Amino acid sequence: MPGLLDHNTLVINQKAKLIEITDEYKILDENGQQVGSIREVGQNVFKKLMRALTHWDQFFTHKLDVYEQDGSKALGLVRPRAIFKSRVEVHDATGQQVGTIKQHNVIGKLRFDITSASGEAMGKVQGENWRAWDFRIEDTTGAEVGRITKKWAGILKEGFTTADNYVFNVSGQVSPEMRKVMLATAAGIDLALKQTDQ
């Protein structure tokens, strides 16, 4: 059975909730079969209470773990507290940092820089519209190597819950490290944007 990093198309399906206290996602393949999951980890009671009663998510550090279907950890994401621009650190299954997604701007079409653990440029994530629903992933030459597209879940679900669905697609040749960061970006953009869109 292929692992998450072997798929070129994945759907990141956020669990629908009226109040978002703990981020949870299913990862589906192109046929709609669940092949993994993403869960927020490390929250204490105080943080959950503050998330339920306030819009202060941006002032908290958030940690997400990405799991294969068999429950083994594939990646870890850490979004340190932010005021304006977000940053998401990406770690492999052993906890070794493999890259960082850094928000470049707060006005206009959003853009993120992707860097390696040592700080070298790996690529960019370019917002294609003002609503931050569609993103183009580029390598260091500017060539498109992937795409993240928000898919509507239906008017009632969109209107009354915090759930989002993103389709992640790899369309070019990329290194194993870049593929890990690209997969993390699909959840990392939601984590970076939705915690600061209040």
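It should be emphasised that the depicted structure is a prediction, and the values quoted were computed from it without experimental measurement. Reckoned from all heavy atoms, side chains included, excluding hydrogens, waters and symmetry mates.
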Item to complete: Please test Val125 against Leu110 for side chain to side chain contact (heavy atoms under 4.5 Å, CB included), starting from the C-alpha separation and ending with a verdict.
Response: CA-CA 8 Å; Val125 181; Leu110 293 180; over 6 Å; no
I'd like to know if the side chain of Thr100 pairs up with that of Gln97 as donor and acceptor (distance under 3.5 Å, no hydrogens or angles considered).
yes
Taken to the nearest 0.5 Å, the spacing of Lys26 NZ from Gln34 CD works out to 5.5 Å
Note: Ile137 and Phe168 closest approach over all heavy atoms is CD1-CE1, 4.3 Å
Joint cluster assignment, Ile12 & Val167, ILVMFWY side-chain distance < 4.5 Å
no
Assess whether a salt bridge exists between Glu128 and Arg147, defined as any Lys/Arg side-chain N lying under 4.0 Å from an Asp/Glu carboxylate O. yes
**Prompt:** If you measure only the distance, is there a donor-acceptor pair under 3.5 Å linking the side chains of Gln96 and His91?
**Reply:** no
- Item | Intermediate values then yes/no, side chain to side chain contact (heavy atoms under 4.5 Å, CB included), Ile114 and Met178 | CA-CA 9 Å; Ile114 300 173; Met178 180 65 166; 4.1 Å; yes
Minimal heavy-atom distance between Thr140 and Gly123, with the atoms involved, is CG2-N, 4.0 Å
Note: Ala74 and Leu4 closest approach over all heavy atoms is CB-CD1, 4.3 Å
Rounded to the nearest 0.5 angstrom, the CG-CD1 distance for Leu77 and Ile38 is 7.5 Å
Q.
Membership question, hydrophobic clusters at under 4.5 Å side-chain separation (ILVMFWY): are Val11 and Ile148 in the same one?
A. no
Correct closest heavy-atom pair for Phe112 and Gln103 would be CD2-CA, 3.5 Å
Is it true that Arg179 and Glu177 make a salt bridge, defined as a side-chain N closer than 4.0 Å to a carboxylate O? no
Pi-cation contact, Tyr67 with Arg39 (under 6.0 Å, within 45°): yes
d(Glu68 CD, Leu75 CG) to nearest 0.5 Å is 8.5 Å
- prompt: Checking Asp29 side chain against Asn31 main chain: does a donor-acceptor pair fall under 3.5 Å?
  reply: yes
Taken to the nearest 0.5 Å, the spacing of Asp92 CG from Leu5 CG works out to 10.0 Å
Between the CD atom in Glu89 and the CZ atom in Arg79, the distance rounded to the nearest 0.5 Å is 11.0 Å
* To do: For residues Met182 and Val170, determine if any side-chain heavy atom of one lies less than 4.5 Å from a side-chain heavy atom of the other.
  => yes
Note: Pro80 and Thr61 closest approach over all heavy atoms is CA-OG1, 3.8 Å
* Electrostatic pair Asp113-Lys102, nearest N-O below 4.0 angstrom -> no
Heavy atoms of other groups near Lys124 NZ, more than 12 under 6.0 Å
yes
Q: For side-chain hydrogen bond (donor to acceptor under 3.5 Å, both in side chains), just list the numbers for Asp139 and Thr141, CA-CA rounded to whole Å, side-chain angles, deciding distance to a tenth of an Å, and then say yes or no.
A: CA-CA 5 Å; Asp139 64 15; Thr141 70; 2.6 Å; yes
When rounded to the nearest 0.5 Å, the distance separating OH of Tyr166 from CD1 of Ile27 is 14.5 Å
- prompt: Out of curiosity, does Tyr25 fall in the hydrophobic cluster containing Leu28 (side-chain heavy atoms, cut-off under 4.5 Å, transitive links)?
  reply: no
Looking only at heavy atoms, the pair that brings Arg111 and Asn105 closest together is N-OD1, 2.8 Å
**Message:** Quick one, Glu120 with Thr115, criterion side chain to side chain contact (heavy atoms under 4.5 Å, CB included). Give me CA distance, side-chain angles, the key distance, then yes/no.
**Reply:** CA-CA 5 Å; Glu120 294 177 35; Thr115 57; over 6 Å; no
TODO: In sequence, state the C-alpha distance, the side-chain angles, and the governing distance for Glu40 and His62, and then conclude on side chain to side chain contact (heavy atoms under 4.5 Å, CB included).
DONE: CA-CA 7 Å; Glu40 186 163 13; His62 295 273; 2.7 Å; yes
